[in-house]
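Notes follow once the structure below has been shown.
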Amino acid sequence: MGMIECPRDVLANRGVQNTDVEATDSCDCQISSKLDFRSGIDLNGSVEVENNEVGGSEEESEEATKPNETVNSIHSKMRQELILVVGMEFETEDDAHACYNRYAYRFGFITRLSKAHKSSSGLLRDKFFVCSAEGKRGRDKQNLYVKSHCAETRFGCRAKMKIRYDLLSIKYSVVEFVADHIHVTSTPSKTHLFRSHRKISLAQIVQADMAYDSGINPKETLELLSRQAGGCEHLGFIPEDYRNYLCSKRTREMKSRDTGGVLEYLERMQLNDPNFVYAIQVDEDDLLTNIFWADVKMMVDYDYFGDVVCFDTTYKKNKEGRPFVMFVGVNNHKQTLIFGAVLLYDETAEIVMWFFDTFANTMSRKKPKSILTDQDLAMAKALASQWPETHHRLCIWHIYQNAAKHLSSVFEKFKDFAEDFSSIIYDYEDVEDFLIAWKKMLEKYNLQENKWLGRLFDLKEKWVLVYGQETFCANIITTQCSESMNNFIKK
C-alpha cells in the first residue's frame with residue numbers, strides 16, 4: 001500500500017510556529033457589523049500559548065490611518081460601546097475575545113491570543129489579547145541556512161488587553177487595556193481583509209449547504225450570499241474560505257465506516273490475490289482521498305497491449321462527484337481491456353500527476369506510446385510533466401461536443417459547416433492540404449477572429465488525424481471504449 005500526502009489546493013495558514021499564531025489573507029469582501037462573532041466557523045486559527053517570542057505574517061492594507069492620527073481621534077469615530085475600558089466584565093473568555101476582535105475591526109488591526117495562566121485545577125486565571133505586531137520575532141537556529149527571510153511583521157507593539165477571573169463575581173474582567181499602537185493601522189474599510197475578522201456564520205453555512213445539495217455551483221452560491229448580505233464587502237468571508245469549507249465538508253462526508261469498508265475490501269482482494277496492488281492518497285488530516293488499484297490480469301494485459309491507453313474522467317458515481325476513472329485499452333481482437341482504476345478526490349494537475357506516477361510504478365515503469373484524453377488542462381499539464389515521451393491525443397468525440405457548444409450559432413446558420421469541419425479532421429493526408437483547408441473554412445464562414453477555434457488550432461497536433469500518422473494508436477480516435485465500459489459499470 002502506498003500512502004502519499006495529498007497536494008490539495010487548500011489555503012495555508014502561515015505564521016504557526018512554536019507558540020503564538022497569526023494567520024491572515026487578502027480578500028475582497030468585508031465583514032458585517034451585525035455579524036455574530038460567537039457563532040459559526042472561526043477562521044482565525046489562533047491558539048492559546050505561554051509566551052510570545054515567535055513571529056508570523058500579516059497582509060498589510062493599502063489604505064491606512066495617518067501616522068499622526070491619535071487614539072482619541074480614532075475612538076471618536078467609533079461607537080462608544082465598542083471602546084474597551086478597564087473594569088468591563090464578560091461571562092466567558094470567548095466573550096472577551098469577541099469583544100476585543102470587534103474593537104480591533106473598527107480600529108484597524110489584527111488580533112492574536114498571547115499568554116495565558118491557569119490554576120492547578122485547570123481554571124483560566126488570566127489571559128492576554130494582543131495586536132499581531134506585538135513582540136519580536138524569535139531567533140531561529142536555521143537562520144544561517146535561509147537565503148531569503150520573510151519580512152518582519154512584529155514591531156513590539158504595546159496594544160493589548162488583559163482579562164482576569166474574579167472569584168467573587170464569577171466573571172472575567174478587564175484589568176489592563178493599552179490602546180496605543182507604534183505602527184500604522186488600517187482603515188475600517190480594509191480590516192475585513194484580515195484573517196482574525198473573517199468567519200462563516202451558521203446561517204451562511206446552512207444556506208450554502210442547501211445550495212450545494214441543490215446542485216448550485218460554488219461561484220453562484222457566493223453570489224447569492226453576497227447579494228443577501230448587501231454586497232461581498234459585507235459577506236464576512238472570502239471565496240478561498242468557502243472553498244476550504246467545501247473541501248472539509250466533502251472529507252467529513254466520507255464517513256468512517258465507508259472508509260473502513262473500502263480499505264477492508266482492498267485488503268481482502270490483496271489477501272486473495274498477492275499480486276493485487278493498490279495505493280491510497282491521504283490529505284493533511286490523514287483522511288482517505290484518492291485510491292488506485294490493479295490486479296494481476298490488468299498488469300498482464302497492459303504488458304501485452306498497453307501501447308495505447310484511453311483515459312476519461314467524465315463518468316462519476318453520483319452527484320457528490322468522486323470521479324471513477326479507468327485506464328482502458330484494446331487487445332488484438334478489439335476487445336476492451338481494463339489496465340487500472342482510480343477513485344479521485346479531485347482533478348487538479350497535482351493529483352493527476354500522482355495517479356500517473358502510481359500507474360507507471362505499478363506497471364514496472366512501462367509507459368504507453370499513446371494516450372487519449374478529453375480536453376482537460378490539468379490532464380495535459382500532468383502528461384507533459386510525467387509522461388513527456390507519450391504521444392498525447394485528444395478524443396475526437398469530445399472535440400465535436402465542444403465545437404457544438406462553442407459554435408452552436410455557426411452550426412445553426414450554416415448547414416454545410418458540420419460537413420466541412422468533419423472533413424478538416426478526417427479527409428486530409430498531407431499537412432499542407434490541411435492548413436489550406438483550415439484557412440478556407442475560416443474565410444468561408446468568417447471565423448478568422450473566433451477565439452475558440454484559434455485555441456483549437458494551437459492544439460492541432462493532438463487531434464487532427466494527419467498529425468498522428470506516424471504514431472501507433474490502434475485505430476482508436478475516441479475514448480468511446482472507456483465510456484462504454486463506464487456505462488456497463490453504472491448498471
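In what follows, every heavy atom counts, from backbone to side chain, and hydrogens, waters and symmetry copies are set aside. For reference, positions follow the sequence shown, starting with 1.
The structure places OG1 of Thr221 at 11.0 Å from CE of Met210, a figure rounded to the nearest 0.5 Å. Between atom CE of residue Met299 and atom NZ of residue Lys366 there is a gap of 13.5 Å, rounded to the nearest 0.5 Å. Rounding to the nearest 0.5 angstrom, the gap separating the NZ atom in Lys369 from the OG1 atom in Thr390 is 11.0 Å. Note: Leu222 CG to Asp241 CG = 10.0 Å, rounded to the nearest 0.5 Å. One distance of note links OH of Tyr400 with CD1 of Ile425; it measures 4.0 Å at 0.5 Å rounding. For the atom pair CZ (Phe356) and CZ (Phe327), the distance works out to 5.5 Å, reported to the nearest 0.5 Å.
A 4.5 Å side-chain heavy-atom check between Lys451 and His406 finds every atom pair outside the cut-off. Contact annotation: the side chain of Leu202 never approaches that of Val206 to less than 4.5 Å [non-hydrogen atoms, C-beta and beyond]. Glu429 places none of its side-chain heavy atoms less than 4.5 Å from the side chain of Phe434. Looking only at side-chain heavy atoms (C-beta outward), Val328 and Leu337 stay at 4.5 Å or farther from each other. Side-chain atoms of Val410 and Leu447, non-hydrogen and from C-beta on, do get closer than 4.5 Å to each other. Counting heavy atoms from C-beta outward, Gln335 and Val330 have side chains that stay 4.5 Å or more apart. The side-chain heavy atoms of Lys115 and Leu113, taken from C-beta on, include no pair separated by under 4.5 Å.
Nearest heavy atoms, Ala294 versus Met363: CB-CE, 4.3 Å. The minimum heavy-atom distance linking Val309 with Gly306 is given by the pair CG2-O, 4.0 Å. Here the closest non-hydrogen pair linking Ala403 and Trp452 is CA-CH2, 3.5 Å. Scanning all heavy atoms of the two residues, the minimum distance from Ala380 to Lys462 falls at CB-NZ, 4.1 Å. Scanning both residues, Tyr242 and Ala208, for their nearest heavy atoms gives CE1-CB, 3.6 Å.
For Phe237 and Tyr245, the ring centers sit 6.0 Å or farther from each other. For Phe355 and Phe292, the ring centers are positioned 6.0 Å apart or more.
Residues passing the side chain to side chain contact (heavy atoms under 4.5 Å, CB included) test with Glu443 are Lys439, Gln448, sequence neighbours excluded. The side chain to side chain donor-acceptor pair (under 3.5 Å) test applied to Arg227 returns Glu223, not counting sequence neighbours. Residues meeting the side chain to side chain donor-acceptor pair (under 3.5 Å) test with Asp433, sequence neighbours left out: none.
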*asked:* Pair Phe359, Phe339 - check ring pair (Phe, Tyr, Trp, His ring centres under 6.0 Å), show working.
replied: CA-CA 9 Å; Phe359 179 79; Phe339 301 138; 7.3 Å; no
*Might you work through the side chain to side chain contact (heavy atoms under 4.5 Å, CB included) test for Ile280 and Asn290, ending with a clear yes or no?*
CA-CA 6 Å; Ile280 66 174; Asn290 306 313; over 6 Å; no
*asked:* Under the criterion side chain to side chain contact (heavy atoms under 4.5 Å, CB included), I'd like the reasoning laid out for Leu235 against Leu225: C-alpha separation, chi angles, the key distance, then a yes or no.
replied: CA-CA 7 Å; Leu235 187 57; Leu225 293 175; 3.7 Å; yes
*asked:* Under the criterion side chain to side chain contact (heavy atoms under 4.5 Å, CB included), I'd like the reasoning laid out for Leu407 against Leu453: C-alpha separation, chi angles, the key distance, then a yes or no.
replied: CA-CA 9 Å; Leu407 304 174; Leu453 282 175; 3.9 Å; yes
*Any chance you could lay out the side chain to side chain donor-acceptor pair (under 3.5 Å) test for Gln228 and Gln204, step after step, and finish with the verdict?*
CA-CA 10 Å; Gln228 290 178 341; Gln204 290 170 326; over 6 Å; no
_Audit row: Asn331, Tyr304, side chain to side chain contact (heavy atoms under 4.5 Å, CB included) steps and yes/no_ = CA-CA 8 Å; Asn331 62 13; Tyr304 282 107; over 6 Å; no
_Would Asn361 and Arg365 count as a side chain to side chain donor-acceptor pair (under 3.5 Å) here? Give the steps._
CA-CA 5 Å; Asn361 291 334; Arg365 300 304 305 171; 2.3 Å; yes
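Pairs of residues two or more places apart, or lying in two chains, that qualify as salt bridge (charged side-chain N to carboxylate O under 4.0 Å, His left out) and include a residue from residues 398-427 are Asp420-Lys444. The side chain to side chain donor-acceptor pair (under 3.5 Å) analysis of residues 292-303, with sequence neighbours excluded, yields the pairs Lys297-Asp301.
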Identify all side-chain donor-acceptor contacts of residues 382-389 below 3.5 Å with residues at least two apart in sequence or on another chain.
unit_1, atom_1, unit_2, atom_2, d
Gln386, NE2, Asp357, OD1, 2.8
Gln386, NE2, Asp357, OD2, 2.8
Glu389, OE2, Lys367, NZ, 3.3

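In this structure, Lys381 places its NZ atom where only 12 or fewer heavy-atom neighbours from other residues, nucleotides or ligands lie under 6.0 Å away. Dense packing is recorded around CZ of Phe457, with more than 12 heavy atoms of other residues, nucleotides or ligands lying under 6.0 Å away.
Counting only distance, with no hydrogens or angles, the side chain of Asn402 and the backbone of His398 share a donor-acceptor pair below 3.5 Å. Without hydrogens or angle criteria, Arg393 side chain to Glu461 main chain gives a donor-acceptor distance under 3.5 Å.
Below 30°, between 30° and 60°, or above 60°: for Phe411 and Phe417 the angle between ring planes is above 60°, a perpendicular geometry.
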